[in-house]
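Here is the structure we will look at.
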There are 2 protein chains.
Amino acid sequence: MTVTIYDVAREANVSMATVSRVVNGSQNVKPSTRKKVLEVIERLEYRPNAVARGLASKKTTTVGVIIPDISNNIYAEAARGIEDIATMYRYNIILANSDQKEEKELSLLDTMLGKQVDGIVMMSDAVTPKLLQTMENSPVPIVLAGSIDESKKLPSVNIDYFQATYEAIKMLIDNGHKRIAFISGPLSYTINAKYKLEAYKKALQDAGLEVDEALIVAEDDSYDGGMEAWKELNEIENPPTAYFAGSDELAIGIIHAAQDHGIKVPEDIEVISFENSKLARMVRPQLTSVVLPLYEIGAVSMRLLTKFLNKEEVKDQNVILPYRIEKRDSVKVKSMKNK
Amino acid sequence: MTVTIYDVAREANVSMATVSRVVNGSQNVKPSTRKKVLEVIERLEYRPNAVARGLASKKTTTVGVIIPDISNNIYAEAARGIEDIATMYRYNIILANSDQKEEKELSLLDTMLGKQVDGIVMMSDAVTPKLLQTMENSPVPIVLAGSIDESKKLPSVNIDYFQATYEAIKMLIDNGHKRIAFISGPLSYTINAKYKLEAYKKALQDAGLEVDEALIVAEDDSYDGGMEAWKELNEIENPPTAYFAGSDELAIGIIHAAQDHGIKVPEDIEVISFENSKLARMVRPQLTSVVLPLYEIGAVSMRLLTKFLNKEEVKDQNVILPYRIEKRDSVKVKSMKNK
DNA sequence: TTGAAAGCGCTAACAT
DNA sequence: ATGTTAGCGCTTTCAA
């Protein structure tokens, strides 16, 4: 019932090897026989069986993608970048959500390797020792996208989270703020948040400002988390006048909570975000935000993976992408610097 | 180098068949030999090769998922629903973006079938005749998620777009509006938009209201598209006092465009949306919106697919899920009805 | 330029 | 309860 390479060979009066050659675009086929074979393929509607091919060639032209949660815009954006480049190099993608659970990440890694993927792109906010070890032992290359393995044993693509955050905090300090809050998702959760926090503290210290632990709050990385954080911070004695938010949703939550209480942004408080999703323009005031190039992180990760798959030379396996800060309306522009 | 079922068999002094049996959890294995085999598997770190298994068994336990664009929240949400249920039934997913291009959809279908997926979940806003035909000829089951094939030849999961829109427009009419705008993405593009438009017209007619083509505008289905639409509609002689938006982004664009011109929502104009993503709560005023249950559409589609894969009986292959309207602040609550 | 044949690693009868 | 064996549909030497 299903037509195989054997059927084509028989109908075309050639061997399976020849059919295989034309299907795979080998040059060593006489044009006339190629034409003949192609005709039979068309007539029989032959479709090569990739599974059989994978077994014989030990290549599946599919790569695994493990991300925390595809319904989260951050990861979806990166996934799109991964997929676009994968398509460009003729790979397909097996996509799975880990919900950032080590156990799931581990088992996903295992099933994907079982499925003989040619490589894996992994996004994980917590590259635990165990995870790292199993990834190191992987028979196929794995690249980390937007995820940091401090040992740098695995290839990765990131931006400089420390530097980016430092610059963001600096903007707030330059605008005269002394009480700057740091809001992020769960710290134990997000290794990147660790770098952000370090940068926050360093920037404060460099400016001779006190680091007040009461101003550091880790909520759910969500809109409601942002609202909660604002409320929490406005119950303390000396509330902050500026906020660094680890994501756009957090920032919008903070802004709305403030506005709901009659506080004006950026007149009364200023807010800077870290993400710059399309949401950043969909609030009033529009968000000033560190630009996290998710799509590029995904795309470059996949490109890096293809280099390993093609055995191309890789100069630096730990890529740092440039970032910038998009200045909009949630942080005032300093008039002095303007003139 | 890679350890195969044969290696395990040899080490455990049993046949390949026995190893296969314990790997696949067959009951016909003596506990003691099962234990012995399991130990060897562990010691050798044997991992079954799913590709070989797929070739031999003609089942890959992977399903294809074709969606327009994973970076679009609508589809990402649905994809999460699909993946969750797939995981529950031990399927993996090959995910690919079609960008809603027929050509890509067709070629994706082809490569996925080539990869021997066991089934496919397809999201397409335009099930063209050609597409429909190739899907009908698929050797494996295909279910349409949130996509309408008017012939009903293919299994599908949807809500009643007509009914939902009718009710939304009715709310606006009941609030006294005579000039109601209909904003959607490109009509030629979105078959669902067709139903929405029909419902819009019907609701107007049923209320004895004139259908003014000038009030029907199809922009990009985006925030900017919404802003554009508002501007366009406010250049005509008799601008609308209420808006039906085909998506949350569109609605927010409309609202912000209006607010930027000093117009108040819902005091001056009212807006109802169709989607209810998390964005709906992240604007002021919060969006009144028809709830499009994307996650459920994805989940139910995948569940439906598993029924075909398990040869379970399927009573109705065209599932219509319930919807509701979430009432928030972009539409006034009628005080008369309230009391 | 083409063909023959040996696998790839596993499942699934069929035997025993 | 366990073993034997014939494929699954293709790629890949190796020969010719």
Side-chain angles (χ1 to χ4, degrees), chain A residues 1-38 40-41 44-62 90 110-111 113-118 139-140, chain B residues 1-38 40-41 44-62 90 110-111 113-118 139-140:
Chain A
M1 15 157 305
T2 52
V3 9
T4 73
I5 199 173
Y6 177 77
D7 300 316
V8 176
R10 184 170 30 74
E11 289 290 311
N13 288 312
V14 296
S15 69
M16 287 163 53
T18 298
V19 177
S20 177
R21 286 188 188 99
V22 346
V23 167
N24 293 297
S26 160
Q27 283 316 297
N28 303 324
V29 181
K30 204 192 333 174
S32 66
T33 96
R34 175 191 308 281
K35 182 157 172 288
K36 185 173 56 177
V37 171
L38 252 15
V40 175
I41 285 179
L44 265 43
E45 296 186 340
Y46 167 66
R47 173 160 44 209
N49 181 325
V51 172
R53 185 190 305 214
L55 183 57
S57 69
K58 294 176 170 302
K59 289 198 191 95
T60 54
T61 64
T62 107
R90 330 236 96 160
D110 195 58
T111 56
L113 293 175
K115 295 229 166 173
Q116 312 302 119
V117 294
D118 294 337
V140 300
Chain B
M1 20 156 302
T2 52
V3 8
T4 72
I5 200 173
Y6 177 77
D7 300 315
V8 176
R10 184 171 28 75
E11 289 290 310
N13 289 311
V14 295
S15 70
M16 289 164 52
T18 298
V19 178
S20 177
R21 285 187 190 100
V22 347
V23 166
N24 293 297
S26 159
Q27 282 316 297
N28 304 325
V29 182
K30 205 194 329 178
S32 65
T33 96
R34 175 192 307 280
K35 183 158 171 288
K36 186 173 57 177
V37 171
L38 253 13
V40 175
I41 285 178
L44 266 42
E45 296 186 342
Y46 167 66
R47 173 161 40 213
N49 181 324
V51 172
R53 184 186 301 205
L55 183 58
S57 70
K58 296 180 171 299
K59 290 199 191 93
T60 54
T61 62
T62 107
R90 331 238 95 159
D110 195 58
T111 57
L113 293 176
K115 296 229 165 171
Q116 313 301 119
V117 295
D118 294 336
V140 300

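So that the names make sense, note that chain A is the first sequence line, chain B the second, and so on, each numbered from 1.
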Compute the bend angle of the helix from C/dT1-D/dA16 to C/dT16-D/dA1 from the end axes (five pairs per end), rounded to 10°. 30°
What residues form a side chain to side chain contact (heavy atoms under 4.5 Å, CB included) with B/Pro31, not counting sequence neighbours? none
Identify the heavy atoms of A/Asn28 and A/Arg21 that sit nearest to each other, and give their distance. O-CD, 4.1 Å
Would you please confirm or rule out a distance under 4.0 Å between OP1 or OP2 of D/dT4 and any side-chain N or O of B/Tyr6? no
Locate the shortest heavy-atom distance separating A/Thr60 from A/Lys115; write the atom from each residue and the value. CG2-O, 4.1 Å
Return the value, rounded to whole Å, for the distance between atom CE of B/Met16 and atom P of D/dA6. 13 Å
Mind checking side chain to side chain contact (heavy atoms under 4.5 Å, CB included) for A/Thr4 and listing every partner two or more places apart, or none if nothing turns up? A/Tyr6, A/Asp7
Taking B/Ser57 for the side chain and B/Arg53 for the main chain, is one N or O donor matched with an acceptor at less than 3.5 Å? yes
Do you know which two heavy atoms are closest between B/Ser15 and B/Ala9, and how far apart they sit? C-CB, 3.7 Å
With side chain to side chain contact (heavy atoms under 4.5 Å, CB included) as the test, would you mind laying out the steps for A/Thr61 and A/Arg90 before giving the verdict? CA-CA 7 Å; A/Thr61 64; A/Arg90 330 236 96 160; over 6 Å; no
What's the spacing between A/Lys58 NZ and B/Thr2 OG1 if we round to 0.5 Å? 5.0 Å
Could you tell me the boundaries of the chain A footprint on DNA chain C, defined by atoms under 4.0 Å from its heavy atoms? C/dT1 to C/dG9
Can you tell which of B/Val8, B/Val29, B/Val14 makes a side-chain contact (heavy atoms from CB on, under 4.5 Å) with B/Val22? B/Val29
List the atom of A/Leu55, the atom of B/Leu55, and the distance in Å for their closest heavy-atom pair. CD2-CD2, 3.3 Å
Return the residues of residues 49-58 of chain A meeting this criterion: a heavy atom under 4.0 Å from some atom of DNA chain C. Order them by number, or give none. A/Leu55, A/Ala56, A/Lys58
Minimum heavy-atom distance B/Val3-B/Tyr46, with the two atoms named: O-CD1, 3.4 Å
Is any side-chain heavy atom of A/Val23 closer than 4.5 Å to a side-chain heavy atom of A/Ile41? yes
Closest heavy-atom contact between B/Asn49 and B/Val51? OD1-N, 2.7 Å
Mind listing the residues from residues 18-37 of chain A sitting with a heavy atom below 4.0 Å of DNA chain D? Number order is fine. A/Ser20, A/Asn24
